[in-house]
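Atom set for the values below is all heavy atoms of this structure, side chains included, hydrogens, waters and symmetry mates excluded.
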Amino acid sequence: MKNIFSIRHKGSSSVTISQNGCDIEIATGSTRYIPDSSHVAFRPEDITLSDVPPSAQFLEGTITALGAREFFYDVYIDAQGGQFTARCTRQNIVRQNLTPETQVFISIPPGRLHFF
């Protein structure tokens with residue numbers, strides 16, 4: 001897991017990620033049980049990147065760097081003051097023309113959040 005953040009509970013349907021002095025609210029799903037926890041994590045491959053805002057909850061950000069791996073790329077994103085790592089195939093990088101400084105929208109399915 002590359003995306004691990006301290007959190008504060010915001011009721012039953014969201015949590016607030018605190019990172020670099022910024023607070024980012026993330027939806028958890030209205031019926032999702034959140035244990036008494038202090039961290040949330042999600043996998044880079046669970047982050048969806050888009051050049052248009054998705055219909056569900058999203059964060060707007062800028063790609064800061066690309067890290068080439070054997071079969072995929074790590075995509076480093078600054079979104080609303082938080083640092084996130086997404087993972088994409090080379091085909092997606094080329095198809096979406098993803099480069100540093102590209103503006104993107106990221107979304108994370110609530111079911112992919114891991115609390116501990």
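- Other residues, nucleotides and ligands contribute only 12 or fewer heavy atoms inside 6.0 Å of the CD atom of Gln91.
- Atom-to-atom distance recorded for Leu98:CG and Tyr73:OH is 10.5 Å, nearest 0.5 angstrom.
- Once rounded to the nearest 0.5 Å, the distance linking OG1 of Thr102 with CG of Leu66 reads 8.0 Å.
- Considering only heavy atoms from C-beta on, Asp74 comes within 4.5 Å of Lys2 through its side chain.
- Between the CD1 atom of Ile77 and the CD1 atom of Ile47 there is a distance of 5.5 Å, given to the nearest 0.5 Å.
- The CG atom of Asn97 lies 12.5 Å from the CG atom of Asn92; values are rounded to the nearest 0.5 Å.
- Considering CZ of Arg87 and CZ of Phe72, their distance stands at 4.0 Å, rounded to 0.5 Å.
- To the nearest 0.5 Å, atom CG of residue Asp78 and atom CD1 of residue Ile63 are 11.5 Å apart.
- Under a 3.5 Å cut-off, the side chain of Gln96 and the backbone N or O of Leu49 do form a donor-acceptor pair.
- For residues 88-111, no pair satisfies salt bridge (Lys or Arg N to Asp or Glu O under 4.0 Å), with sequence neighbours left out.
- When all heavy atoms are compared, the tightest approach of Thr64 to Pro100 is O-CB, 4.0 Å.
- For the residue pair Asp51 and Phe105, the shortest heavy atom distance occurs at O-CE1, 3.6 Å.
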